[in-house]
Structures are given as structure tokens and as C-alpha cells.
There are 2 protein chains.
Amino acid sequence: MVFFEIDLKSRTPIYEQIYKKTVELIIKGELKENDQMPSVRALSAEISVNPNTITKAYALLEKDGIIYSLSGRGSFVAKVELEKVADFLLADFDRCALDALESGISPSILVDRINTLSKKTDIT
Amino acid sequence: MVFFEIDLKSRTPIYEQIYKKTVELIIKGELKENDQMPSVRALSAEISVNPNTITKAYALLEKDGIIYSLSGRGSFVAKVELEKVADFLLADFDRCALDALESGISPSILVDRINTLSKKTDIT
DNA sequence: TAAGTGTAATAGCTCGGATAGTACAGCTAA
DNA sequence: TTAGCTGTACTATCCGAGCTATTACACTTA
């Protein structure tokens, strides 16, 4: 239940971190279709963040069809295709990769970079 | 001379865009050791940005040893090792890649992504 | 009924980023 | 020497995104 870990100091806004974290949990299978999301107030309390911020994150998630919210009931994971959900995360990656490529960095260097990083994450 | 193109609407701050653009130009060989950077006021006027913002970018570049500034003379490209300069750009890429990996996206997908992107950029 | 849910609305704070303006000192070419 | 360029420093101000604080309402369920 210690799901959502947020970095308050990060440059990426909290509501966006929640968004990404949700997507991540879905990809990893820790959140499945129709699973109930933590309630706005509960998550708000858990990570010490204003309820409005949670609401904003949930609104975004619902807008993208990743969750659905029922007034008085709660918020739940929608039926989603994993590929499309992953795209929301990959959009960030694409942007960074494109930046690097346009800066004149060769694709092979980037690939090397990924391999190195993936090994490290496996160890950890 | 239409070097620095800046996206005023971007989420990344202008001074950071200037920083990256400078690194990019160095990597591409369009800026070489001892080449003179556009003057603070000139660049300020060219891209319609406050001089202070340019100064901030140049200060960062100098702090990282990428350029050197001589009061009354101008700012010039320092002697730098391309690898180290590229690292400043790759730091962004690493962060994005690591995010994706930690979210459970497989390395092979990321590699595919890079290949796709690099083909597109070659066409363009 | 009570306690939980999402949702809405308003007001305010904070901080990074950017602007505006002025000033000073160093360099260089006319 | 002088005029015009350079970097640099400083202060004051504005702006907007992000977040907080608070209250309120309608819905659902035990």
C-alpha cells in the first residue's frame, strides 16, 4: 500500500508524477482493470499533498481514458491496452531521444547508454 | 547567423535552451574552440529575450567550462573534450531512459524507438 | 443516518523565470 | 582620446504554474 512515492523537490509537477506512477503501476500489473484507486483524500493524506492536486492528476488520467471516476463511489482503473498506456510514458522518452539525436549524438551511443542503464537497474 | 532558435513556449527555461543549443553547435562543429559567441546584447536582441537571461545562460556555460568570458572582449568557446560536452546533453537522455526502464518498459522497446526516430530525422 | 466518495469553486501563497532599467569597468579601433 | 563595443552587477518588478487552504454540494453505501 506504499504505492505512490512522490518527489516533492522534483521539477516535474506532483500531479504529473502521480499520473506517471499510475501508468507505471498498470504496466507492472500492480494495478489491474477495475481496481480501485486510492481515494482522493486518502492519497492526499498519504503523501501529504493537497486534495486538489490529486484531483488534478485523476482528472488527467480520466481524460486520457486510463481511469474512470464514479461520483460517490471512487476512481477505478479503466480497461486499457497496455501499448497505448505505455505510449504516455514513452512520449517523454521520445522527446529526450529526439533532442539528443538532433543535437548530433549518434543513435548507437544512445543504444549503448540504454544497455548500460538497463544492466544497472537489473542489479538494483 | 540564425544560430539560436528558441521556443518561448517550451517548459524548459530559455537560459537552459541557450545552454543546450550552444552545446549542440559545438558537437556539430559549427562552433569551435575560441570562436566568439554572440554578444549578450546581440543575442538578446536577435531572439527577443532579456539580456539578463542571456547572461544567466553564459554564466552557466562558463561555470561548466564550456565557454570563457573576457570582460570587455566577449565570450568564447573554451577548449573542451567533445565527450564531456556531450555528457551534459546525455544527462537528460539518461534520466528519461531510466524513468522508462524503471516504469517497466523493456530496453528493446527503447532501442526500437531510437531506431525509428533516427530514421525519421535522417529523412528530414 | 453517518461516513465515505468525487467534484466544484474561490482565494491565496510561493517561487522560478523573465523583464526593465541603470550603472560600471574593461577593451579596441578610429 | 574618444566612441562604441564588450561583460558584469544590481535592484525592482512582473508573471504564471503549481500548490495550498477551505468550504460546499451531491452521490453512494453500510
Side-chain angles (χ1 to χ4, degrees), chain A residues 1 3-22 31 33-78 92 95, chain B residues 1 3-22 31 33-78 92 95:
Chain A
M1 262 308 236
F3 276 166
F4 292 81
E5 297 155 8
I6 299 300
D7 178 9
L8 297 179
K9 302 170 189 171
S10 167
R11 177 182 294 196
T12 66
I14 297 175
Y15 70 88
E16 206 168 306
Q17 290 185 51
I18 296 174
Y19 182 108
K20 289 183 183 172
K21 199 72 182 178
T22 304
L31 277 179
E33 185 179 348
N34 294 327
D35 276 358
Q36 181 159 14
M37 296 282 292
S39 84
V40 169
R41 290 173 180 78
L43 184 52
S44 157
E46 184 184 335
I47 62 180
S48 302
V49 156
N50 192 278
N52 294 336
T53 304
I54 312 294
T55 300
K56 188 171 183 177
Y58 281 13
L60 270 184
L61 284 163
E62 184 167 26
K63 171 176 152 288
D64 289 339
I66 298 177
I67 68 173
Y68 60 94
S69 298
L70 304 179
S71 207
R73 294 282 315 277
S75 298
F76 307 85
V77 178
D92 276 344
R95 197 181 40 72
Chain B
M1 263 309 235
F3 277 163
F4 293 81
E5 295 154 10
I6 300 300
D7 178 10
L8 296 178
K9 303 169 188 169
S10 167
R11 175 181 296 195
T12 66
I14 298 176
Y15 71 87
E16 207 168 307
Q17 290 185 52
I18 297 175
Y19 182 108
K20 289 183 184 173
K21 200 71 182 178
T22 303
L31 277 179
E33 186 179 348
N34 295 326
D35 276 359
Q36 181 159 15
M37 297 282 293
S39 85
V40 170
R41 290 172 180 81
L43 184 52
S44 157
E46 184 184 335
I47 63 180
S48 302
V49 155
N50 192 280
N52 295 334
T53 305
I54 312 295
T55 300
K56 188 170 183 178
Y58 281 13
L60 269 185
L61 285 163
E62 184 167 27
K63 171 176 153 289
D64 288 341
I66 298 177
I67 68 173
Y68 61 95
S69 297
L70 304 179
S71 206
R73 296 282 317 275
S75 299
F76 306 86
V77 178
D92 276 345
R95 197 182 40 72

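Naming: A, B, ... by sequence-line order, numbering from 1 per chain.
At the phosphate of C:dG17, OP1 or OP2 sits under 4.0 Å from a side-chain N or O atom of B:Tyr15. The shortest distance between the side-chain N/O atoms of B:Thr53 and the OP1/OP2 oxygens of C:dT19 is below 4.0 Å. For the OP1/OP2 pair of C:dA25 and a distance below 4.0 Å, the side-chain nitrogens and oxygens of B:Ser71 include no atom meeting the criterion. Taking 4.0 angstrom as the limit, B:Ser39 places a side-chain polar atom (N or O) nearer than this to OP1 or OP2 of D:dT6. Between B:Thr55 and D:dT8 there is no side-chain polar atom (N or O) within less than 4.0 angstrom of OP1 or OP2.
Atom-to-atom, CD1 of B:Ile54 to P of C:dG21 comes out at 17 Å; the value is rounded to the nearest Å. Separating the CD1 atom of B:Ile14 from the P atom of D:dC15 is a distance of 16 Å, rounded to the nearest angstrom. Look at CD1 on B:Ile6: it is 16 Å from C1' on C:dT19, rounded to the nearest Å. Straight-line distance from the NZ atom of A:Lys9 to the P atom of C:dC15: 15 Å, rounded to whole Å. Per the geometry, NZ belonging to A:Lys56 stands 16 Å off C1' belonging to D:dA21, to the nearest Å. Following rounding to the nearest Å, B:Phe76 (CZ) and D:dG7 (C1') show an atom-to-atom distance of 10 Å. Going from atom CG of A:Leu8 over to atom C1' of D:dG18 covers 12 Å, rounded to whole Å. Rounded to whole angstrom, the span from the CZ atom of A:Arg41 across to the P atom of C:dA3 amounts to 14 Å.
Side-chain contact check for A:Met37 versus A:Leu31: some heavy-atom pair is nearer than 4.5 Å. Using a 4.5 Å heavy-atom threshold, the side chains of B:Phe4 and B:Pro38 count as touching. Using a 4.5 Å heavy-atom cutoff, the side chains of B:Ile18 and B:Lys21 are not in contact.
Here the side chain of B:Arg73 is nearest to one of C:dA20, C:dT28, C:dG17, namely C:dT28. Checking D:dT20, C:dA20, D:dG7 against the side-chain heavy atoms of B:Asn50 singles out C:dA20 as nearest. Among the nucleotides D:dG7, D:dC19, D:dT11, the one closest to any side-chain atom of B:Tyr58 is D:dG7. Taking the side chain of B:Val40 as heavy atoms from C-beta on, and the options D:dT20, D:dG18, D:dG7, the nearest nucleotide is D:dG7.
Comparing A:Gly72 and B:Ala42 by the nucleotide of DNA chain D whose heavy atom lies nearest to each, the residue mapping closer to the 5' end is B:Ala42.
Not a single donor-acceptor pair, N or O on each side, falls under 3.5 Å between the base of C:dA8 and the side chain of A:Asn52.
Closest of all the heavy-atom pairs between B:Gln36 and B:Gly74 is NE2-CA, 3.8 Å.
Of the possible donor and acceptor atoms, none in the side chain of A:Asp64 sits under 3.5 Å from a partner among the backbone N and O of A:Ile66. For the pair A:Ser44 (side chain) and A:Val49 (backbone), a donor-acceptor distance under 3.5 Å is present.
Counting non-hydrogen atoms under 4.0 angstrom, A:Glu62 reaches the backbone sugars and phosphates but no base. Heavy atoms of A:Gln36 sit nowhere under 4.0 angstrom from any nucleic acid atom.
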